[in-house]
Amino acid sequence: MGEVDPAFIQDPEHRPKLSDNKAAAAAAADVDGIPLIDLSPISSTGTGDHDPRELERLVREIGRACEEWGFFQVINHGVAAETRRRLESVARKFFEQAAEEKRKVRRTEKDVLGYYDTELTKNVRDWKEVFDMAVVEPILVPSSPDPDDHDLLEWFNQWPDYPPQFREACEEYARETGKLAMKLMELIALSLGVPANKFKDYFKDQTSFMRLNHYPPCPFPHLALGVGRHKDPGCLTILAQDDVGGLEVRRKSDGEWISVKPTPDAYIVNVADIIQVWSNDRYESVEHRVMVNSEKERFSIPFFFNPAHYTVVKPLDELIDEQNPPKFRAYSWGKFLAHRSHSNFKKQNVENIQTYHFRLQ
Ligand SMILES: O=C(O)CCC(=O)C(=O)O
Ligand SMILES: [Fe+2]
């Protein structure tokens, strides 16, 4: 390989710590990781019809994981292993193609969904290529961040010709994972002491999207990241990672980066910024990042569960009183998205819009 492209180089304080000592790596992998939660009490029936004590236990477990980590893994989640396998297989075939084939469905300023390999996180390029798609088509979003502009845009999917099963595999996976996301929102609502269906209406015209990530082997894994440190801005993220590993989560108790050990067929779930605001900081959206590997490629599939564009995000009234004043001012999710999408195509001198900009104290 020739010169390292400086666009990919992280500032020294954000570079990953690579351990070339195998024993140290093994010890790190043994560290107590994010909680593993068994969803079998609800996976076949929804939260309506099952042993109430088991549900109560599950709700407590979810609440504790959200409070202590902001991240957990779920097993027995009700998404068929075959559905996931089919999507993983088409993703692999799609990314194996020559760049010019993939660029036929590339994202543009007008068609913001599709393929691209130039994402910046905090102004540094990520070592990855991705394919984005709407979970429910089209995604409706304000056409500009201007609060007085009420025009809307429709974001449609772009589907590649190859592999031929691509679209079907994506749509099937999106349907299944969408059901899981809704169930998790019900459990999270219960854990906050509000009715299970509290959040349901926000997702009627959801702006959720799904991403296929491919992290190719990287010749300078000590300098670059697959995804730089960030928080997810939406409600909830449900992630499928393969068996390579690389995702790291910032542990709340001490700020250490903890790697998330791949667990076959499990999903990794994280609280994103909107839940932090709804819960008025009871549950925090936690920073995470992805390390790259000099030998192995890695695939992952995040499902970003996001509300309708007209959602006004603010702390839940039920959680606010004199002792607990609101910690965020209300903001429009649609305008937030429009802001992000406007700045997506350029390297900027200023920080992109962030949820913490709406913090009151
Ligand atoms: O690939 C991963 O493990 C995580 C990706 C991620 O955090 C993201 O796309 O927001
Ligand atoms: Fe993320």
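In each ligand, atom 1 is the first atom listed, and ligand 1 is the first ligand listed.
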Please check this pair: side chain of Gln97 against backbone of Phe94, looking for a donor-acceptor N/O pair closer than 3.5 Å.
yes

Look at the side chain of Gln158 and the backbone N and O of Leu113, then say whether any donor-acceptor pair between them is shorter than 3.5 Å.
yes

Of Asn324, Leu360, Val277, which is the lone residue that meets side-chain contact (heavy atoms from CB on, under 4.5 Å) with Pro315?
Val277

Would you tell me whether Asn306 and Ser208 have side-chain atoms, one donor and one acceptor, within less than 3.5 Å of each other?
no

Please indicate whether Glu82 has more than 12 foreign heavy atoms, meaning atoms of other residues, nucleotides or ligands, lying under 6.0 Å from its CD.
yes

Identify all pairs of nitrogen or oxygen atoms, one from ligand 1 and one from the protein, separated by less than 3.5 Å, and list them with distances.
from: ligand 1; atom 1: 1 (O); to: Tyr215; atom 2: OH; distance (Å): 2.6
from: ligand 1; atom 1: 1 (O); to: Arg298; atom 2: NH1; distance (Å): 3.1
from: ligand 1; atom 1: 1 (O); to: Ser300; atom 2: OG; distance (Å): 2.6
from: ligand 1; atom 1: 3 (O); to: Arg298; atom 2: NH1; distance (Å): 3.3
from: ligand 1; atom 1: 3 (O); to: Arg298; atom 2: NH2; distance (Å): 2.8
from: ligand 1; atom 1: 7 (O); to: His230; atom 2: NE2; distance (Å): 3.2
from: ligand 1; atom 1: 7 (O); to: His288; atom 2: NE2; distance (Å): 3.1
from: ligand 1; atom 1: 10 (O); to: His230; atom 2: NE2; distance (Å): 3.0
from: ligand 1; atom 1: 10 (O); to: Asp232; atom 2: OD1; distance (Å): 3.3

By residue and atom, what protein N/O/S atoms are less than 2.8 Å from the Fe ion (ligand 2)?
His230 NE2, Asp232 OD1, His288 NE2

Applying salt bridge (charged side-chain N to carboxylate O under 4.0 Å, His left out), name anything that partners Lys296, two or more places apart in sequence or on another chain.
none

Could you tell me if Thr83 and Glu172 have a donor-acceptor pair between their side chains, going purely by distance under 3.5 Å?
yes

Does anything in residues 214-223 pair up under salt bridge (Lys or Arg N to Asp or Glu O under 4.0 Å), and if so which pairs, sequence neighbours excluded?
none

Ring-plane angle category for Tyr331 and Phe358, please: parallel below 30°, perpendicular beyond 60°, tilted otherwise.
parallel

